Enquirer: 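There's a structure below that I have some questions on.
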Amino acid sequence: MGVSMETAEVWIDRWERQQQHYAVAREERFTVIADIVEHVTTDRPRPRPLLLDLGCGPGSMAARLAVRLPTAEIVAVDMDPLLLELGRTHHANAARFVDAVVGEAGWTDALGLDRPLDAVVSTTALHYLSERTLLRTYRSLFTLLRPGGALVNGDHFALDDRRCSDLTAVVGSRRAERSRTRDHEDWRSWWAAAAEDPELADLFAQREKRRAASGNHEGNDNDLPLACHVELLRAAGFAHITPVWQYGDSHVLVALKD
C-alpha cells in the first residue's frame, strides 16, 4: 500500500503550496515554533532531544524541525493513512511516523516512547478535538513531558471578545487573499485531485473508511477561543502559558511544565 518516491514528492509539493495559501503566515509560524523548541532543548544534559509532532500530516513541521535540530529524535503521529504514507516516503529520515488517533484511550502507548519528551508541537491539528478530548490530551502530554519541557501549538484561535476576534480574522484572511495566485490549489481541490490518483486509491479508501468510523471530518472545529485553551492547559497542570506570536487569528501558544 506504499507509494513511490516520485508520487510522494509530487503530492507533498502540492500540499506545501496549497497550505502556504491556506494557513496564515505558515512559514513564519513554523520558524517561531522551531525557535521555541530549540530554546527549550539547548544545553540539556542529554545530547538527543525527543520531540513529538501531533497531527503531523505528511510531516511538514517534523521535516523543518529535523533541519533545525539534526540530532533530535522526532516522533510524528497522525490518524490519516494517506498523509502518513506520503510523510514516511518523502521524509523518511526526518521522523518516525506513528498511526494513532490523538486523544483516544491508549493513544500514547502507540508512540513507543522510551524517555520523557522535551517538547510537543502541533500545527492546525488540535482544533478538531472536542473540549473534553482536548483536556484529556493536554493532561496526557503534561505527563509525557519532562520538567522544563514545552507544548507548542500553532493554530487559528478566536478571541473571547467577538469584535476583536472579527478584526483578527479579517487581518488574517486579507493576508491569505494577497498571497493567493489565480490558479492556486486549496484544501478541497488538493483532496479531490488526490482521490483521482490511482497510486493513492487504496490509501484514500482506507482514509475514508477510518474517517467515517471515527466521525472526524474536516470542518468539525471545536471553535474554542484562545482563553479557553489557556484554561484547559492550566487544568492539565501547566503553570506557565503564553502566546509568543500572532498574525491575525494565527497564534503560537506555549505551555511550559515546571
Side-chain angles (χ1 to χ4, degrees), residues 19 22-37 39-40 51-57 61 77-78 101-104 107-108 117-176 187 215-258:
Q19 284 285 296
Y22 174 77
V24 176
R26 180 175 183 254
E27 206 60 47
E28 184 176 342
R29 187 170 62 190
F30 279 150
T31 299
V32 171
I33 292 172
D35 288 341
I36 297 299
V37 173
H39 174 74
V40 300
L51 313 178
L52 175 63
D53 182 6
L54 294 178
C56 64
M61 184 75 248
V77 59
D78 204 290
V101 181
V102 174
E104 280 199 350
W107 73 276
T108 59
L117 292 163
D118 291 283
V120 179
V121 302
S122 185
T123 57
T124 56
L126 298 183
H127 57 246
Y128 293 128
L129 304 182
S130 69
E131 185 172 350
R132 178 181 298 180
T133 303
L134 188 60
L135 175 58
R136 186 167 64 243
T137 300
Y138 282 158
R139 284 174 171 159
S140 296
L141 297 173
F142 181 83
T143 301
L144 293 174
L145 281 164
R146 63 158 172 82
L151 168 57
V152 191
N153 185 15
D155 212 333
H156 297 271
F157 297 115
L159 303 178
D160 282 336
D161 186 308
R162 176 61 182 272
R163 293 182 67 183
C164 291
S165 189
D166 288 345
L167 286 175
T168 61
V170 165
V171 170
S173 64
R174 291 292 174 83
R175 174 164 178 169
W187 172 274
N216 187 353
H217 301 286
E218 287 83 4
N220 291 348
D221 294 4
N222 55 40
D223 292 324
L224 297 176
L226 181 67
C228 186
H229 281 268
V230 173
E231 291 174 5
L232 293 175
L233 287 164
R234 290 198 188 282
F238 292 95
H240 312 284
I241 307 155
T242 184
V244 296
W245 176 89
Q246 177 186 357
Y247 192 102
D249 59 359
S250 181
H251 294 75
V252 174
L253 181 63
V254 180
L256 300 173
K257 180 176 179 178
D258 277 332

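Quick note: numbers below take in every heavy atom, side chains included, and nothing from hydrogens, waters or symmetry partners. What you see is a predicted model; the values in this text were computed from it and never measured.
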Enquirer: Is any side-chain heavy atom of Leu141 closer than 4.5 Å to a side-chain heavy atom of Thr137?
Expert: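 Yes - at least one pair of side-chain heavy atoms lies under 4.5 Å apart.
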
Enquirer: Around atom CZ of Arg175, are there more than 12 heavy atoms from other residues, nucleotides or ligands closer than 6.0 Å?
Expert: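 It does: Arg175 CZ has more than 12 such atoms within range.
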
Enquirer: Which atoms form the tightest heavy-atom contact between Ala119 and Val40, and what is the distance?
Expert: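 Scanning both residues, the minimum pair turns out to be CB-CG2, 4.4 Å.
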
Enquirer: For the pair Ile241 and Arg234, evaluate side chain to side chain contact (heavy atoms under 4.5 Å, CB included) and give the outcome as yes or no after the intermediate values.
Expert: CA-CA 8 Å; Ile241 307 155; Arg234 290 198 188 282; 3.3 Å; yes

Enquirer: For the pair Leu224 and Leu232, evaluate side chain to side chain contact (heavy atoms under 4.5 Å, CB included) and give the outcome as yes or no after the intermediate values.
Expert: CA-CA 10 Å; Leu224 297 176; Leu232 293 175; 4.1 Å; yes

Enquirer: As an exercise, state the distance from CG of Leu226 to NE2 of His251, rounded to the nearest 0.5 Å.
Expert: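 Between atom CG of Leu226 and atom NE2 of His251 there are 5.0 Å.
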
Enquirer: I need the Leu256 CG to Phe238 CZ distance, nearest 0.5 Å.
Expert: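 Answer for the CG-CZ pair, Leu256 versus Phe238, is 8.5 Å.
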
Enquirer: Can you give me the closest heavy-atom contact between Ala169 and Asp249, atom names plus distance?
Expert: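 Shortest heavy-atom contact: CA-OD2, 3.9 Å.
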
Enquirer: Can you tell me how far the CG atom of Asp53 sits from the OG1 atom of Thr123, to the nearest 0.5 Å?
Expert: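 Answer for the CG-OG1 pair, Asp53 versus Thr123, is 6.0 Å.
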
Enquirer: On a heavy-atom basis, which atom in Leu253 and which in Pro243 lie closest, and how many Å separate them?
Expert: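 Between these two residues, the closest heavy atoms are CD1-N, 3.7 Å.
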
Enquirer: Is the closest side-chain heavy-atom distance between Val252 and Val152 below 4.5 Å?
Expert: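 SC-SC contact between Val252 and Val152 confirmed.
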
Enquirer: Of the non-hydrogen atoms in Leu135 and Ala235, which two are nearest, and what is the gap between them?
Expert: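 Scanning both residues, the minimum pair turns out to be CD1-CB, 3.9 Å.
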
Enquirer: Heavy atoms, side chains only, cut-off 4.5 Å: are His240 and Asp258 in contact?
Expert: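 Touching, per the 4.5 Å side-chain cut-off.
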
Enquirer: State which residues pass side chain to side chain contact (heavy atoms under 4.5 Å, CB included) with Arg136; sequence neighbours excluded, sorted by chain then number.
Expert: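 Partners of Arg136 under the side chain to side chain contact (heavy atoms under 4.5 Å, CB included) test: Arg132, Thr133.
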
Enquirer: Would you say the side chain of Val121 lies within less than 4.5 Å of the side chain of Leu52, judging by non-hydrogen atoms?
Expert: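 Leu52 does not reach Val121 side chain to side chain.
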
Enquirer: I'd like to check Thr108 versus Leu144 (side-chain heavy atoms, cut-off strictly below 4.5 Å). Are they in contact?
Expert: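 Yes - at least one pair of side-chain heavy atoms lies under 4.5 Å apart.
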
Enquirer: Are the side chains of Leu126 and Leu134 in touch, meaning some heavy atoms are under 4.5 Å apart?
Expert: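 Yes; the side chains approach each other to less than 4.5 Å.
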
Enquirer: What's the spacing between Glu28 CD and Ser250 OG if we round to 0.5 Å?
Expert: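 Interatomic distance, Glu28 CD to Ser250 OG, rounded to 0.5 Å: 9.0 Å.
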
Enquirer: List the steps, then state whether side chain to side chain contact (heavy atoms under 4.5 Å, CB included) holds for Val32 with Val244.
Expert: CA-CA 8 Å; Val32 171; Val244 296; 4.0 Å; yes

Enquirer: If you compare all heavy atoms of Gln246 against all heavy atoms of Thr168, which two are closest, and at what distance to 0.1 Å?
Expert: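 The answer is NE2-CG2, 3.6 Å.
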
Enquirer: With side chains defined as the heavy atoms from C-beta onward, is the minimum distance between Val101 and Trp107 less than 4.5 Å?
Expert: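 Val101 does not reach Trp107 side chain to side chain.
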
Enquirer: Residues two or more places apart in sequence or in another chain: which of them pass side chain to side chain contact (heavy atoms under 4.5 Å, CB included) with Thr124?
Expert: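 Partners of Thr124 by the side chain to side chain contact (heavy atoms under 4.5 Å, CB included) criterion, ordered by chain and then number, come out as Arg29, His127, Asp155, His156.
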
Enquirer: Measuring from Leu159:CG to Ser165:OG, what's the distance to the nearest 0.5 Å?
Expert: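 One finds 5.0 Å between CG of Leu159 and OG of Ser165.
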
Enquirer: Taking all non-hydrogen atoms of both residues, which atom of Glu131 and which atom of Cys228 are closest, and how far apart?
Expert: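 That closest heavy-atom pairing would be OE2-SG, 3.8 Å.
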
Enquirer: Are any side-chain N or O atoms of Lys257 and backbone N or O atoms of Gly149, one a donor and one an acceptor, separated by less than 3.5 Å?
Expert: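 Looks like no, no N/O pair under 3.5 Å.
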
Enquirer: Leu129 versus Val102: any side-chain heavy-atom pair under 4.5 Å?
Expert: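 Counting from C-beta outward, Leu129 and Val102 do come under 4.5 Å.
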
